[in-house]
Participant: 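Here it is, the structure, as structure tokens.
Naming convention: chains lettered A, B, ... in sequence-line order (proteins, then strands); numbering from 1 in each chain.
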2 protein chains.
Amino acid sequence: MARRISRKISNSTIHRLSIYYRALMGLEREGYDTISSKELAKREKLTPAQVRKDLSFFGSFGTRGLGYPVKELKQRIAEILGLNRLWNVAMVGVGNVGSALVSYKEFARQGFIIKLLFDNDQRKIGSNHKGIIISDIANMKSQLKENEITIVILTVPASAAQKVCDDIVEAGVKAILNFAPVSLKVPDDVNLLNENMAIELEHLSFSLTNRNMVMFD
Amino acid sequence: MARRISRKISNSTIHRLSIYYRALMGLEREGYDTISSKELAKREKLTPAQVRKDLSFFGSFGTRGLGYPVKELKQRIAEILGLNRLWNVAMVGVGNVGSALVSYKEFARQGFIIKLLFDNDQRKIGSNHKGIIISDIANMKSQLKENEITIVILTVPASAAQKVCDDIVEAGVKAILNFAPVSLKVPDDVNLLNENMAIELEHLSFSLTNRNMVMFD
DNA sequence: TAATTATTGTGAATGAATTCACATTAATTT
DNA sequence: AAATTAATGTGAATTCATTCACAATAATTA
């Protein structure tokens with residue numbers, strides 16, 4: 001039985017678990033049986049202490065003097081992240097971003113299966129997009145329930161996002177990945193994450209602009 | 001003249017500047033002249049103190065008793081983030097993700113102009129994608145220099161990413177947004193940011209899986 | 001124009017995340 | 001089988017980020 005988690009795990013730790021998971025996939029492919037926190041940290045530009053601390057929140061998976069067993073640790077992290085199962089995902093809004101994500105291999109590889117697509121554009125509704133028929137967003141609520149969708153990827157224009165989001169919440173969905181550049185309101189028990197690729201570019205532009213930071217005052 | 005920044009600004013603060021920037025665009029559209037830290041925080045689910053502290057790293061833009069002037073603060077944040085200019089961007093790898101991002105409106109709106117597209121697929125090279133001819137990745141290095149590209153968006157498969165990244169660095173590019181799910185090695189003076197949309201989904205799957213965290217040990 | 005109200009800007013206090021440092025323990029070598 | 005080496009797991013120390021709390025000050029009201 002998976003041990004329950006007692007402390008609040010920080011977002012950074014959760015994020016790094018995904019990074020470890022990817023590193024371990026690579027290590028497994030390269031034929032490693034074990035990996036030390038030192039080596040794992042080096043590969044991912046972290047510190048060994050951080051790797052060990054992160055993992056220690058969930059148990060002790062390593063062997064002193066040797067390191068962590070690659071296959072086993074990967075499997076344990078998959079369990080922790082909930083990747084040892086399939087997730088039914090729906091995508092709402094089949095524009096540029098949405099349509100690209102439908103065929104993003106990395107999703108399916110981790111068990112995120114895009115089951116339904118919704119749009120409000122009559123020209124798109126009924127058409128087949130990468131093997132999935134695009135449904136009318138007007139029928140979204142009932143279809144999300146019927147198909148037991150647990151995660152929704154929201155890729156509608158900013159102006160429509162809150163209204164659509166409300167419907168998703170009413171359908172009982174508890175996890176939403178929002179690509180619209182607006183701050184959405186959801187109840188406390190709904191997990192909302194915002195993704196905005198322009199913001200990452202802005203971070204780069206900040207770094208380039210403020211490159212030589214100088215002490216003076 | 002823009003004041004130089006004296007302390008190291010945290011990534012979270014930089015990220016929130018982008019959030020404030022978007023909020024201010026909305027407020028301007030809605031006709032607000034001024035906004036208090038209290039109201040801005042409420043809209044973005046932050047605390048008023050955090051808003052004020054973040055802004056205070058860069059100067060004092062507000063008026064006591066009144067708040068911040070919307071138009072002016074937006075303009076100041078644009079300057080800080082380096083959004084008061086155009087950036088020449090190239091995209092390397094025109095697969096699913098790459099081709100979607102080319103027409104992602106939010107980029108152009110913030111001044112990130114995609115000037116060049118590269119791929120190694122002979123069927124794609126020479127073809128016109130949303131008004132831009134896809135070039136042979138073999139010519140990338142010289143073309144990045146000639147076109148004064150300062151930011152590269154890297155959307156090639158993981159297996160090719162490090163090799164392509166090395167070439168980008170050799171071309172003198174100092175900012176890379178990497179979508180490949182691998183940890184890339186770059187020199188210290190190159191800004192590398194990793195974006196991985198599957199990781200966000202994994203965060204959601206973690207939250208759903210570990211929903212009722214229980215204290216016990 | 002004095003009193004009141006609203007809100008900033010910021011040191012100080014608190015809280016959270018990271019790193020240190022070392023006792024512990026398993027593997028390997030001699 | 002003892003000695004040595006390597007690496008974990010984790011409290012304690014440190015560093016970093018957030019929040020508190022209030023003096024300062026501008027706007028508004030009386």
Participant: So which of A/L24, A/L40, A/D33 actually passes side-chain contact (heavy atoms from CB on, under 4.5 Å) with A/V70?
Facilitator: A/L24
Participant: What nitrogen or oxygen pairs link the protein and nucleotides 21-24 of chain D at under 3.5 Å?
Facilitator:
| residue | atom | partner | partner atom | Å |
| --- | --- | --- | --- | --- |
| D/dA21 | N6 | B/R52 | NH2 | 3.2 |
| D/dA24 | N3 | B/R64 | NH1 | 2.8 |

Participant: Take the protein atom CG of A/D54 and the nucleotide atom P of D/dT8, then report the distance between them rounded to whole Å.
Facilitator: 13 Å
Participant: Only counting residues at least two apart or in another chain, list the ones meeting ring pair (Phe, Tyr, Trp, His ring centres under 6.0 Å) with A/Y21.
Facilitator: none
Participant: Scan the side chains in residues 145-156 of chain A for donor-acceptor partners under 3.5 Å anywhere in the protein, sequence neighbours excluded, and list what turns up.
Facilitator:
| residue | atom | partner | partner atom | Å |
| --- | --- | --- | --- | --- |
| A/N147 | ND2 | A/Q143 | O | 2.8 |
| A/T155 | OG1 | A/V92 | O | 3.1 |
| A/T155 | OG1 | A/G93 | O | 2.5 |

Participant: First contact, last contact: which nucleotides of DNA chain C are these for chain A, 5' to 3', heavy-atom distance under 4.0 Å?
Facilitator: C/dA17 to C/dA26
Participant: Examine distances only and state if a side-chain atom of A/S207 and a backbone atom of A/H203 form a donor-acceptor pair shorter than 3.5 Å.
Facilitator: yes
Participant: Heavy-atom contacts under 4.0 Å between residues 28-37 of chain A and DNA chain D, which residues?
Facilitator: A/S36, A/S37
Participant: Quick one: does any side-chain atom of A/T47 pair with a main-chain N or O of A/Q50 as donor and acceptor, under 3.5 Å?
Facilitator: yes
Participant: Looking only at non-hydrogen atoms, find the nearest pair between A/L101 and A/F107 and report the distance.
Facilitator: O-CD1, 3.7 Å
Participant: Taking the six-membered ring for Trp, are A/W87 and A/F112 parallel (under 30°), tilted (30 to 60°) or perpendicular (over 60°)?
Facilitator: parallel
Participant: Using the ring pair (Phe, Tyr, Trp, His ring centres under 6.0 Å) criterion, which residues pair with A/F61? Sequence neighbours excluded.
Facilitator: none
Participant: Hey, are B/D166 and B/Q162 close enough side-chain-wise for a donor-acceptor pair under 3.5 Å?
Facilitator: yes
Participant: Cation-pi check, B/R16 to A/F206: give yes when NZ or CZ is under 6.0 Å from the six-membered ring centre and within 45° of the ring axis, no otherwise.
Facilitator: no
Participant: Both A/N11 and A/L66 contact DNA chain C. Taking the nearest nucleotide for each, which residue is further toward the 5' end?
Facilitator: A/N11
Participant: Heavy-atom nearest nucleotide on DNA chain D for A/G67 versus B/R16: which residue maps closer to 5'?
Facilitator: A/G67
Participant: Rounded to the nearest angstrom, tell me the gap between atom CD in B/Q50 and atom P in D/dA17.
Facilitator: 11 Å
